[in-house]
S.K.: 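Would you mind keeping the following structure in view while I ask a few things?
This chain uses plain numbering: 1 for the first residue, then up along the sequence. Ligands are counted one by one from 1 in listed order, and the atoms in each one are counted from 1 as well.
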Amino acid sequence: MIQAKNSTDAIKEKVFKIVEDSWSEEIDFLKNLITKKSTLLHEEDMQLTMARKMKQLGLVVDTFDIDISKISTMKGYSPCDWSYRNRPIVVGTLYGKDKINGKSLVLNGHADVVSENSTRHWTYDPWEGTIVGNKMYGRGSSDMKCGLAAIIYAISAITSAGINLKGDVIVQSVIEEEASGNGTLACLEKGYVGDAVLVAECTDNKILTTSVGSLWLRVVVDGLSGHVTSGTTTTNAIEKAYEVIKAFRVLEDKWNSTKHPAYESFDKPIRFNVGKISGGDWPSSVPSECEFHIRLAIYPDIDPLHAQKEVESFLRDYFKDDDWFSINPPKFYWYANRNAGFDVPKENPFFDVIKQNHRGIHKEEPEYSTVTAGNDMRFYALYTDIPVTMYGGYGYNMHAANEYVDLPSIKDMTKLIAGTIIDWCKLSDI
Ligand SMILES: [Zn+2]
């Protein structure tokens, strides 16, 4: 005798069918998001598009700017000196019908993207969302507008199926994940939390538990300017900056020489990156100043403020006998990303729900993931008791030319989010 499917499975099937049927619409939505050039300070158009879509789905939408005076005293705050005007956070809530018996779920994603860097190295326009076979190319295609599209179309499938949930679903479309995390921190400050959190970034369908922290630092190196013919009476600031960069490489090796247990299998988990440099303005003038911006990484159990002090004292010590730097030490300006890493336990009831849905869709056991980059999951992992993970499809060339996302994996992700909502928030017959 064939056993009748239980009603939750039947409803999930119905919802998954809607995801299939609306797939071309979801692709169009993702393509439209990629055309919004939502780099740092320019997120408004993208965010208003998200707000409009959430309203169309019947979510109650709160659009607000970050209030620095409120978040600057919170743990996890990263200090930034740029303006937060007209750079909204968008939170949409699908209210449940029986909160006492249902649990709420936060679905978090970031609307900001990094710049295209050099268009010359792209095969396709970074702001077009070009589709080639199963790939969609574009800045933010994988990091992480695909996750936001998956969240939206998972909720759309649920509301289109006409089902009610017991617990609330809270969608957070935030800014500044790439620079500070202050967008997600502002959601916490506003009280937008839940009984579990899923950050929908690409993880190759793995359950993320562990991440390093990251720090941003601007280093200013002085020189002594003069005509190119002045010879020994001048000091070239750009060439002195090379020496400081070399010193950072020594510190990077030192930090990698001890391994955090979660990173035993990694060759070099702590990565420093000089991401921006400027100095001088004339080939025949010896430059008097050179500045560079560097990203540092720290292991999960390291306090970011402690790491900052260690960097400064290491460099002071490194150059203590240097004729130039002992008198003209490099100047350090810590700004934006000041993030701690995290390592969350692998067992909890929320992960069980994700695993169950992963098994249902992929017919295999999910793996856990450990990454060497920071992300917004840390706020929930470090400063709340709420179970949280990051889970998503397959993204490639993030922060690089020809970034693309594997589209079929985003369809699966949409189903996984829908299934997770149904199992976690629970169906309501009210
Ligand atoms: Zn991202």
S.K.: Could you tell me whether the Zn ion (ligand 1) has an N, O or S atom of Asp143 under 2.8 Å away?
M.R.: yes
S.K.: Measure from the Zn ion (ligand 1) to each N, O or S atom of Glu201 and report whether any distance is below 2.8 Å.
M.R.: yes
S.K.: Do Phe248 and Tyr318 come within less than 4.5 Å of each other through their side chains, counting heavy atoms only?
M.R.: no
S.K.: Could you check Asn236, Ile277, Val219 and say which one makes a side chain to side chain contact (heavy atoms under 4.5 Å, CB included) with Cys290?
M.R.: Ile277
S.K.: Taking just the N, O or S atoms of His110, which one is nearest to the Zn ion (ligand 1)?
M.R.: NE2
S.K.: Is the centre of the Trp255 ring less than 6.0 Å from the centre of the Phe272 ring?
M.R.: yes
S.K.: Consider only side-chain N and O atoms of Tyr396 and Asn402, and report whether a donor and an acceptor are under 3.5 Å apart.
M.R.: no
